[in-house]
**Q** 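One structure, pasted below without further comment.
Throughout, numbering of the chain's residues begins at 1 and tracks the sequence.
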Amino acid sequence: MAEIPEHATGLVLKAYKEPLVFEKFPLPRSAPTGTALVQTLVVGIRPHCREHFAGNGFLKFNLPFISGNSCVARVISAGPDAVALRPGQLVFVHGFGVARDDPVNTQTLLGLHRGNGLTAEGAERAGVLFDQWPGYWRDFCSVPLENCIALDEKRLVDELGYTFDDLMYIDRLLVAYGSVNAAKLMAGETVVVAPATGHFSGAVVEVAAQIGCRVIALTRSAKKLEPLSSRHANIVVVEVTGDRAADVAAIRSHLPSLKLGADAYIDVSPPQATGNSQHFDMGLEVLRPGARAVLTGALFTATIPYFSLLLRNITLVGKWMYTWEEAERVARMVEAGVFKLGKQAGHDSGSRGFKFEDWEEGLLEAEKAVEWGRHVVFKP
């Protein structure tokens with residue numbers, strides 16, 4: 001276990017369209033109350049980093065900015081109020097930050113997105129929380145205790161053979177499981193997921209399949225989803241054509257013959273799909289009476305068939321990220337072998353992790369890793 005150094009070193013964005021710079025940050029000699037001091041072992045690089053660092057993205061953050069919203073780390077020191085975490089503990093540190101004195105109304109994505117809520121007051125509160133906790137592109141970080149999910153290193157590394165790179169995929173499983181759990185899915189049920197070829201949407205398909213659901217994944221390119229669908233007999237891919245009647249018929253051809261429709265629909269639409277979301281309409285259309293629809297994408301606007309949903313008693317649920325209990329459950333299911341990682345699952349973390357010094361190469365590589373199962377990491 002590493003000793004606590006005087007300073008942490010990290011990557012900082014000082015100005016848009018400018019190179020990242022290395023900076024040193026003072027570290028406490030022990031973790032203050034409510035925090036853990038961790039050594040970063042692996043930290044994720046998102047595909048959109050270069051775009052946002054050029055000032056062209058939709059994510060909000062003030063400069064200077066330290067990115068990095070999740071990492072696999074080792075606890076060096078735990079605050080005096082810690083009752084479970086101890087030095088040496090392997091942890092997954094996630095970036096979904098909630099205010100301790102206002103957890104329902106004030107939430108933000110640490111190291112990623114400062115904005116939150118639809119009101120000025122909500123965004124201001126989220127900003128306070130965001131600015132308090134910089135991102136994890138640092139070799140040592142002070143992080144909220146509640147963002148640390150303990151991992152069973154003996155089980156995961158020694159018995160299941162996972163690398164720390166493999167464990168970074170938990171970041172996607174957390175978001176995906178939050179959506180699947182919101183849909184109240186049970187083994188044997190049928191769920192439609194659309195679109196299904198992205199990082200998080202593909203993970204929703206993956207999680208639903210691994211808990212025993214029949215999954216109908218909608219995509220414009222079945223080939224892109226083949227690495228996932230070929231591994232699970234309970235995943236069927238429907239390649240949408242734009243002909244709504246034909247596409248709906250194709251979806252219905254895969255629904256259970258003893259039911260009048262799917263049990264659930266999970267929409268994972270990106271912002272770019274706003275105004276062109278025929279898959280959303282189809283997902284709602286093929287639901288059986290009493291089914292559930294979970295909205296977990298980023299459409300800015302969408303129309304719904306109000307009367308049709310009413311007549312079928314469809315439950316609409318908005319789901320933002322995940323709860324602490326859901327995060328804890330994901331970790332335990334990974335340890336139990338319910339959710340597979342790494343080569344066992346077909347995931348690809350690249351040939352190597354990048355050092356902070358090679359940040360330009362890392363960002364370029366991450367920009368290309370947009371398919372299901374691919375992720376790129378820093379290894380400080």
Side-chain angles (χ1 to χ4, degrees), residues 1-10 24-44 66 68-112 125-126 128-158 162 164 167-168 170-171 173-175 177-178 321-336 378-380:
M1 186 176 63
E3 295 183 358
I4 300 176
E6 274 192 49
H7 297 90
T9 303
K24 289 186 175 181
F25 312 93
L27 287 172
R29 305 319 301 155
S30 61
T33 299
T35 73
L37 188 62
V38 302
Q39 181 184 16
T40 306
L41 303 175
V42 181
V43 60
I66 303 175
N69 77 303
S70 62
C71 66
V72 175
R74 194 174 300 285
V75 175
I76 306 303
S77 174
D81 57 333
V83 297
L85 294 182
R86 295 290 183 267
Q89 173 70 56
L90 187 70
V91 292
F92 184 86
V93 187
H94 67 80
F96 185 40
V98 299
R100 292 168 181 168
D101 57 344
D102 187 26
V104 174
N105 297 303
T106 303
Q107 306 168 341
T108 192
L109 301 178
L110 305 179
L112 187 64
R125 288 187 177 189
V128 171
L129 184 62
F130 183 89
D131 294 341
Q132 179 64 35
W133 301 102
Y136 306 144
W137 282 8
R138 297 171 284 161
D139 52 6
F140 290 85
C141 303
S142 183
V143 300
L145 274 177
E146 62 269 28
N147 283 54
C148 297
I149 304 298
L151 299 176
D152 185 340
E153 187 169 3
K154 181 178 184 297
R155 171 62 174 164
L156 293 168
V157 178
D158 298 341
Y162 295 143
F164 295 152
L167 297 179
M168 267 307 303
I170 290 174
D171 177 57
L173 295 181
L174 296 180
V175 179
Y177 182 73
M321 301 303 285
Y322 44 85
T323 64
W324 186 92
E325 290 80 8
E326 288 168 338
E328 177 74 11
R329 206 175 305 158
V330 166
R332 303 296 80 84
M333 285 194 282
V334 172
E335 291 167 359
F378 282 127
K379 298 172 75 171

**Q** I'd like to check Val42 versus Leu167 (side-chain heavy atoms, cut-off strictly below 4.5 Å). Are they in contact?
**A** no
**Q** Is it the case that the side chain of Gln39 and the backbone of Val75 share a donor-acceptor pair, with hydrogens and angles ignored and the cut-off at 3.5 Å?
**A**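 Such a contact is absent between Gln39 side chain and Val75 backbone.
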**Q** Which value, rounded to the nearest 0.5 Å, describes the distance between Met168 atom CE and Leu41 atom CG?
**A** 11.0 Å
**Q** Check whether any side-chain heavy atom of Phe140 lies under 4.5 Å from a side-chain heavy atom of Thr40, and answer yes or no.
**A**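 No. Closest side-chain heavy atoms not under 4.5 Å.
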**Q** Under the 3.5 angstrom rule, does the side chain of Glu335 hit a backbone N or O of Arg155 as a donor-acceptor pair?
**A**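 No, the answer is negative, given that no donor and acceptor are paired below the 3.5 Å cut-off.
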**Q** State the SG-CD1 distance between Cys141 and Ile76, to the nearest 0.5 angstrom.
**A** 11.0 Å
**Q** Does some side-chain heavy atom of Arg100 sit less than 4.5 Å from a side-chain heavy atom of Pro144?
**A** yes
**Q** Taking it one step at a time, do Thr35 and Leu37 satisfy side chain to side chain contact (heavy atoms under 4.5 Å, CB included)?
**A** CA-CA 7 Å; Thr35 73; Leu37 188 62; over 6 Å; no
**Q** Got a second to check how far Leu173's CG is from Glu326's CD, nearest 0.5 Å?
**A**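 Interatomic distance, Leu173 CG to Glu326 CD, rounded to 0.5 Å: 13.0 Å.
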**Q** Going through the distances and angles, do Val98 and Trp324 end up as a side chain to side chain contact (heavy atoms under 4.5 Å, CB included)?
**A** CA-CA 10 Å; Val98 299; Trp324 186 92; over 6 Å; no
**Q** Taking atom CD of Glu3 and atom CZ of Arg29, what is their separation to the nearest 0.5 Å?
**A**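 Answer rounded to 0.5 Å: 9.0 Å.
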**Q** Can you check whether Gly97's main-chain N or O pairs, donor with acceptor, with Thr108's side chain at less than 3.5 Å?
**A** no
**Q** Could you tell me whether the side chain of Ile149 reaches within less than 4.5 Å of the side chain of Ile170, counting heavy atoms only?
**A** no
**Q** Rounded to the nearest 0.5 Å, what's the gap from CG on Leu27 to CG on Asp139? Could you check?
**A** 8.0 Å
**Q** Once you round to the nearest 0.5 Å, how far does CG of Leu174 lie from CZ of Phe92?
**A**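 Result: 5.5 Å between the selected atoms.
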**Q** Side chains of Asn69 and Asp171, heavy atoms from C-beta outward: is any pair under 4.5 Å?
**A** yes
**Q** Compare all side-chain heavy atoms of Phe164 with those of Glu153 and state whether any distance is below 4.5 angstrom.
**A** yes
**Q** Please list, chain by chain and in numerical order, all residues satisfying ring-ring contact (aromatic ring centres under 6.0 Å, His included) with Phe378, sequence neighbours excluded.
**A**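 By the ring-ring contact (aromatic ring centres under 6.0 Å, His included) rule, Phe378 matches Trp137, Phe356.
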**Q** Can you confirm whether Tyr136 sits close enough to Val143 that some side-chain heavy atom of one is under 4.5 Å from a side-chain heavy atom of the other?
**A** yes
**Q** Could you check Tyr322 against Tyr177 for ring-ring contact (aromatic ring centres under 6.0 Å, His included), going step by step and ending with a plain yes or no?
**A** CA-CA 8 Å; Tyr322 44 85; Tyr177 182 73; 9.8 Å; no
**Q** Does some side-chain heavy atom of Asp152 sit less than 4.5 Å from a side-chain heavy atom of Lys154?
**A** yes
